[in-house]
Amino acid sequence: MAFTSEQEETLKLVASAFENGKRLSDLPYASGTNPYNMLVEVLDEDGESKKAALASLLPYAEDSCSYGVEFDVTVSSPSCTRIGSTDLHKSLPIQSRMRGCLLDDDGKVVEYLDPTDWTGNVRDGSRGQVMVEIPLHYRKCETDGNKRRVLLSELPLPGYEVVPLMYVSAYEASVQRSTNKLCSVVNDDVDYRGGNNQSANDAKSNTLLGRPATSIGRTNFREYARKRKADSTEWNCMIYDAQKAIYWLFVVEYATLNSQATYNSEPTAEGFRQGGLGAGVTTIAGDKWNTFNGYNPFIPCGYTDELGNRTGVVEYTMPTEYNETETKVSVPRYRGIENPFGHIWQWTDGINVRISATKANGSDDLSQVFVCHDPAKFNDSNYEGYSHVGNEARNEGYVKELIFGEGGEIVPKICTGAGSTTYICDYHYTNIPSSGAVLRGLLSGGGATDGARAGFAFARSHHAPSNTSAYFGSRLCFLPKSE
């Protein structure tokens with residue numbers, strides 16, 4: 001199938017301009033067609049000749065077809081410099097295509113939810129799991145001395161890696177108790193009781209009905225997710241690749257490494273997003289939380305659904321049984337994803353950390369991070385099928401530098417000389433064994449008592465994947481198989 005005359009005209013214009021050193025953004029529209037949109041349209045069409053023609057243009061299109069951030073690891077400010085297309089920073093084409101949907105167990109979209117307010121949609125699990133679609137896009141991570149760059153594009157530009165289409169639960173995950181299936185639902189039925197599944201408080205203010213499930217280890221979270229579709233590895237609990245994708249989407253959108261920066265719904269004078277997601281559900285007193293409900297979750301799933309696909313913060317007032325003095329927390333939402341950090345810790349799959357004892361204790365003094373992109377190879381006992389992407393910091397503290405590398409890894413590398421509002425702005429917990437080496441999983445995001453330590457990049461490598469806690473939960477993910 002040949003190009004249309006309109007497309008031919010635009011491609012000729014683009015090719016001619018590139019030969020003369022111009023950028024795509026410098027070009028006039030041809031026959032009313034925006035060249036950038038035309039290139040995207042051509043990529044989506046069939047025909048190897050079209051794709052070949054487009055591929056020949058892509059090396060010249062980066063300035064106009066990508067947008068991202070740059071930061072210096074020696075500079076303490078978490079603010080990033082926007083790079084790439086100014087227009088794309090305003091329109092945010094990738095982030096804007098994140099949208100809530102109902103997904104059936106075969107991974108088919110049953111319906112897309114009302115973009116402005118989900119509360120009118122069925123979200124109880126009867127028509128599918130409530131998920132947020134993260135569109136396929138491309139990402140490039142560059143290291144240039146002390147500079148780090150992350151660039152996103154809708155096009156497969158040279159040097160960019162694909163971030164595949166994926167679905168992440170809108171809510172912290174629940175469990176259908178009668179089937180042990182991991183869920184993403186708004187449902188107050190006893191079959192979806194959250195926390196540790198204690199029934200004694202069902203009629204009280206510290207109820208676990210409608211709350212996410214906890215007191216489950218990563219091993220079982222994975223098993224419960226896989227129950228959604230027999231003989232398949234498409235359903236998973238939260239995975240590291242999804243956590244990383246969301247993190248960089250946020251960083252590029254807001255041009256900050258501080259996810260807890262004060263929420264600001266207004267754009268800058270230039271039309272860019274500013275601020276962050278606020279403190280999140282991180283300001284609860286531990287002793288009062290324990291007395292109230294034994295460190296179990298307390299924010300109902302779907303509490304921020306009035307925001308639809310949008311980003312925002314909704315206040316939640318704690319019951320007086322928690323504290324006689326009125327206490328409020330701010331529940332954050334990032335483009336449909338509720339509580340992306342804070343409230344409860346999040347078990348994360350597809351990443352194993354080999355933590356060894358010190359050389360003084362006869363070991364190699366390393367905390368090696370291994371990442372796997374193939375869910376069929378996820379496991380809790382070894383590193384087969386995983387790639388070593390770098391070494392995690394050996395000490396606890398605020399994160400100064402991430403591993404980063406070619407994959408944009410978000411595991412802490414250096415945790416000295418940083419704070420809650422400098423560098424990465426998030427904290428790191430770890431634990432070094434007294435002898436030998438141990439395999440540890442990764443918990444991310446932080447809990448309701450973690451305050452300024454919490455955030456997208458808050459990491460905890462203390463525990464074996466089987467470990468459970470009243471404030472350890474996860475999310476639900478679906479990764480469609482490549483065709």
Side-chain angles (χ1 to χ4, degrees), residues 66-86 88-96 98 134 137 139-143 146-152 243-282 310-313 330-335 337 339-342 398-404 408-415 417-428 444-446 450-459:
S66 68
Y67 60 112
V69 293
E70 177 183 274
F71 58 96
D72 189 320
V73 296
T74 65
V75 174
S76 64
S77 171
S79 297
C80 304
T81 300
R82 287 183 167 91
I83 56 177
S85 167
T86 300
L88 296 183
H89 273 293
K90 294 176 183 177
S91 64
L92 298 165
I94 298 167
Q95 290 90 336
S96 296
M98 293 173 66
I134 299 177
H137 59 281
R139 182 177 64 222
K140 181 171 74 171
C141 299
E142 291 183 328
T143 296
N146 292 325
K147 298 289 182 65
R148 304 288 184 267
R149 301 185 190 98
V150 178
L151 286 153
L152 307 177
Q243 179 76 7
K244 185 168 67 173
I246 296 167
Y247 178 75
W248 290 123
L249 287 166
F250 167 83
V251 170
V252 169
E253 179 168 357
Y254 285 88
T256 183
L257 301 170
N258 184 6
S259 47
Q260 287 187 300
T262 302
Y263 175 68
N264 188 339
S265 62
E266 297 299 320
T268 66
E270 299 85 0
F272 303 139
R273 299 298 176 104
Q274 63 178 323
L277 299 181
V281 184
T282 63
R310 295 168 292 166
T311 297
V313 173
S330 297
V331 185
R333 185 181 186 92
Y334 178 62
R335 292 193 173 271
I337 300 173
N339 280 323
F341 58 81
Y398 281 99
V399 183
K400 185 176 183 180
E401 190 174 337
L402 301 170
I403 289 176
F404 198 72
E409 312 304 338
I410 60 173
V411 178
K413 176 183 178 181
I414 298 174
C415 297
S420 63
T421 58
T422 59
Y423 298 100
I424 305 301
C425 304
D426 298 341
Y427 204 76
H428 174 239
S444 60
D450 283 309
R453 295 184 294 273
F456 279 112
F458 191 9

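From a predicted model like this one, the values you see are computed outputs, not experimental measurements. Scope of the values below: all heavy atoms of this structure, side chains included, with no hydrogens, waters or symmetry mates.
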Q: With side-chain contact (heavy atoms from CB on, under 4.5 Å) as the test, would you mind laying out the steps for V251 and T256 before giving the verdict?
A: CA-CA 5 Å; V251 170; T256 183; over 6 Å; no
Q: Check whether any side-chain N or O of Q260 sits under 3.5 Å from a backbone N or O of G451 as a donor-acceptor pair, and report yes or no.
A: yes
Q: Kindly write out the residues that satisfy ring-ring contact (aromatic ring centres under 6.0 Å, His included) with F456, not counting sequence neighbours, or none if the list is empty.
A: F250, F341
Q: If I take atom OH from residue Y254 and atom CG from residue L92, how far apart are they, to the nearest 0.5 angstrom?
A: 9.0 Å
Q: Might you work through the side-chain contact (heavy atoms from CB on, under 4.5 Å) test for V281 and S330, ending with a clear yes or no?
A: CA-CA 6 Å; V281 184; S330 297; over 6 Å; no
Q: Specify the closest pair of heavy atoms between T421 and P78, including all atoms of both residues, with the distance to one decimal.
A: O-CD, 3.4 Å
Q: Between CD1 of I83 and OG of S66, what distance do you get to the nearest 0.5 Å?
A: 7.5 Å
Q: Measure the SG-CZ distance between C141 and R149 for me, rounded to the nearest 0.5 Å.
A: 12.0 Å
Q: Can you name the residues that form a side chain to side chain donor-acceptor pair (under 3.5 Å) with Y67, not counting sequence neighbours?
A: Q95
Q: If every non-hydrogen atom of L402 is compared with every non-hydrogen atom of I410, which pair is closest and at what distance?
A: CD2-O, 3.4 Å
Q: With sequence neighbours excluded, tell me which residues meet salt bridge (charged side-chain N to carboxylate O under 4.0 Å, His left out) with K90.
A: none
Q: Restricting to non-hydrogen atoms, name the atom on R148 and the atom on F404 that form the minimum distance, rounded to 0.1 Å.
A: CD-CD2, 3.4 Å
Q: Could you tell me which residues satisfy side chain to side chain donor-acceptor pair (under 3.5 Å) with S444, sequence neighbours excluded, listed by chain and number?
A: Q346, T348
Q: Is any side-chain heavy atom of V331 closer than 4.5 Å to a side-chain heavy atom of N339?
A: yes
Q: Can a salt bridge be assigned to the pair K244 and E409 using a cut-off of 4.0 Å between side-chain N and carboxylate O?
A: yes
Q: So, taking the atom named CG in L88 and the one named OG in S96, what distance separates them when rounded to the nearest 0.5 Å?
A: 10.5 Å
Q: So do V252 and R82 actually touch side chain to side chain, heavy atoms under 4.5 Å?
A: no
Q: Which salt bridge (charged side-chain N to carboxylate O under 4.0 Å, His left out) pairs, counting each pair once, include a residue from residues 260-273, with sequence neighbours left out?
A: E253-R273
Q: Rounded at 0.5 Å granularity, tell me how far CG in D450 sits from OG1 in T282.
A: 7.5 Å
Q: T262: which residues meet the side-chain contact (heavy atoms from CB on, under 4.5 Å) condition with it, sequence neighbours left out?
A: none
Q: Has W248 got a side-chain atom pairing as donor or acceptor with V150's backbone, closer than 3.5 angstrom?
A: no
Q: Suppose we screen for side-chain contact (heavy atoms from CB on, under 4.5 Å). Which residues come up paired with A418, at least two apart in sequence or across chains?
A: Y398, K400, T422, Y423
Q: For P340 and P332, work out which heavy atoms get closest and say how close.
A: CD-O, 3.8 Å
Q: Restricting to non-hydrogen atoms, name the atom on A457 and the atom on I424 that form the minimum distance, rounded to 0.1 Å.
A: CB-CG2, 3.9 Å
Q: I need the minimum non-hydrogen distance between A454 and D426, along with the two atoms involved.
A: O-OD1, 3.0 Å
Q: Going by the rule side chain to side chain donor-acceptor pair (under 3.5 Å), which residues pair with D72 if we only count those two or more places apart in sequence or in a different chain?
A: T74
Q: Using the test ring-ring contact (aromatic ring centres under 6.0 Å, His included), find all partners of Y247 that sit at least two apart in sequence or belong to another chain.
A: none
Q: Can you name the residues that form a side chain to side chain donor-acceptor pair (under 3.5 Å) with T86, not counting sequence neighbours?
A: none
Q: Let me confirm one number: the CG-CG distance from L152 to L249, rounded to the nearest 0.5 Å.
A: 6.0 Å
Q: Just jot down the side-chain contact (heavy atoms from CB on, under 4.5 Å) partners of Y263, sequence neighbours excluded, or say none.
A: S265, T311, V313
Q: Checking F71 now: which residues fulfil ring-ring contact (aromatic ring centres under 6.0 Å, His included) with it, not counting sequence neighbours?
A: none
